[in-house]
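In listed order, ligands and their atoms are each counted from 1.
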Amino acid sequence: MSNPRVLLLGAPGAGKGTQSSRISDGFGVDHITTGDALRANKGMDISELGFEHDTPGEFMDSGELVPDEVVNEIVVTALDDTDGFVLDGYPRNIEQAEFLDARTELDAVIRLTVDDAELVNRLTGRRVCPDCGENYHVEFDQPAESGICDECGAELIQREDDTEATVRERLRVFAENTEPVIDHYAGTDAYVEIDGEETPDAVWDAVETTIEQRV
Ligand code: AMP
């Protein structure tokens, strides 16, 4: 089996991060995630590009998309170094999708579907480990000791963009920019929809089977 090239699509909170980690571990491919790459470079000076904000972090904290010039550069560098991959959080608009199509072929495009009310609940209750990246939820997935990461003992935080107002803006931006991306891939052979409201294990079973069938 060749290394799969997988694109995961879905709204913020649909479970892309969780399933990407499983795909990366299960199939031994790189996890390319623009969100994590941007969070690691939130303070980068992009003022010379002439947008309304001077750093990626200012776009992110208001729920807006970071400019394509910045994001495409991250993806090109990551794709250059890789054979198989799972791409998570990119492309988020049609221009990014066309940029990606010109550079690589995809074996599977998986869309995780989750209702909006459930997304708001998942995101505003999410807590993350700033050190190892593990995700928790204040109701559904609590760590053994409140506020402390089970994996590495660090103190959990709420992402600055997981507050209710920013979450609603992120969902609006998703509907406006990223739903056309879903339409762009929906007619292709690689495309499949999976119910993201199932348990993470059930979603993973469906994701794993889908990828195995396509490579
Ligand atoms: P995520 O962790 O994928 O939810 O991304 C967090 C934030 O990073 C988003 O709300 C955007 O501000 C920014 N971001 C991540 N990926 C992209 C992308 N492909 N295009 C533009 N902005 C992005």
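- The neighbour count for Glu73 CD, taken as heavy atoms of other residues, nucleotides or ligands under 6.0 Å away, does not exceed 12.
- Residue Leu112 holds its CG atom at 8.5 Å from CG of Leu9, rounded to the nearest 0.5 Å.
- Contact between Arg159 and ligand 1 is present, with at least one heavy atom of the residue lying under 4.0 Å from the ligand.
- Ligand-side atoms of ligand 1 in range of Tyr90: 19 (N), range being under 4.0 angstrom from any heavy atom.
- The NE2 atom of His53 sits 13.5 Å away from atom OG of Ser47, with the distance rounded to the nearest 0.5 Å.
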Between Asp162 and Arg170, does a salt bridge (Lys or Arg N to Asp or Glu O under 4.0 Å) hold up when you go through it step by step? CA-CA 9 Å; Asp162 280 345; Arg170 288 163 68 199; 2.9 Å; yes
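- Residue Gly89 has at least one nitrogen or oxygen atom sitting less than 3.5 Å from a nitrogen or oxygen atom of ligand 1, judged on distance alone.
- Residue contacts with ligand 1 for Leu38 involve side-chain atoms from C-beta outward but no N, CA, C or O (heavy atoms, distance under 4.0 Å).
- Nearest protein neighbour of atom 16 (N) of ligand 1, counting heavy atoms only, is Thr34 OG1, 2.8 Å.
- Where the criterion is an N or O separation shorter than 3.5 Å, residue side chain and backbone included, Glu64 meets it with respect to ligand 1.
- Close approach to Arg39 involves these atoms of ligand 1, each under 4.0 Å from a residue heavy atom: 2 (O), 6 (C).
- With respect to Arg214 and Asp107, no salt bridge is recorded, no charged nitrogen being found less than 4.0 Å from a carboxylate O.
- More than 12 heavy atoms of other residues, nucleotides or ligands shown are found within 6.0 angstrom of CG on Asp80.
- Annotation: cation-pi geometry not satisfied between Arg172 and Phe174 (NZ/CZ under 6.0 angstrom from ring centroid, within 45° of ring axis).
- Residue Leu65 touches ligand 1 through backbone and side chain together, judged by heavy-atom distances below 4.0 Å.
- Regarding atom 15 (C) of ligand 1, its nearest protein heavy-atom neighbour is Arg92 NH1, 3.3 Å.
- When hydrogens are left out, the protein atom nearest atom 8 (O) of ligand 1 is Met60 CE, 3.4 Å; that is the closest non-hydrogen contact.
- Polar contact with ligand 1: absent for Asp161 (N/O pair, distance under 3.5 Å).
- Ionic pairing of Asp61 and Lys42 is present here: one or more N-O contacts between side-chain nitrogen and carboxylate oxygen are shorter than 4.0 angstrom.
- Near Gln96, meaning under 4.0 Å from one of its heavy atoms, ligand 1 places the atoms 18 (C), 19 (N), 20 (N), 21 (C).
- Between Arg22 and Asp25 no salt bridge is recorded (no basic side-chain N to carboxylate O distance below 4.0 Å).
- With a 4.0 Å heavy-atom cut-off, ligand 1 is reached by no atom of Glu160.
- Residue Val71 approaches ligand 1 through these ligand atoms, each under 4.0 Å from one of its heavy atoms: 18 (C), 19 (N), 20 (N), 21 (C).
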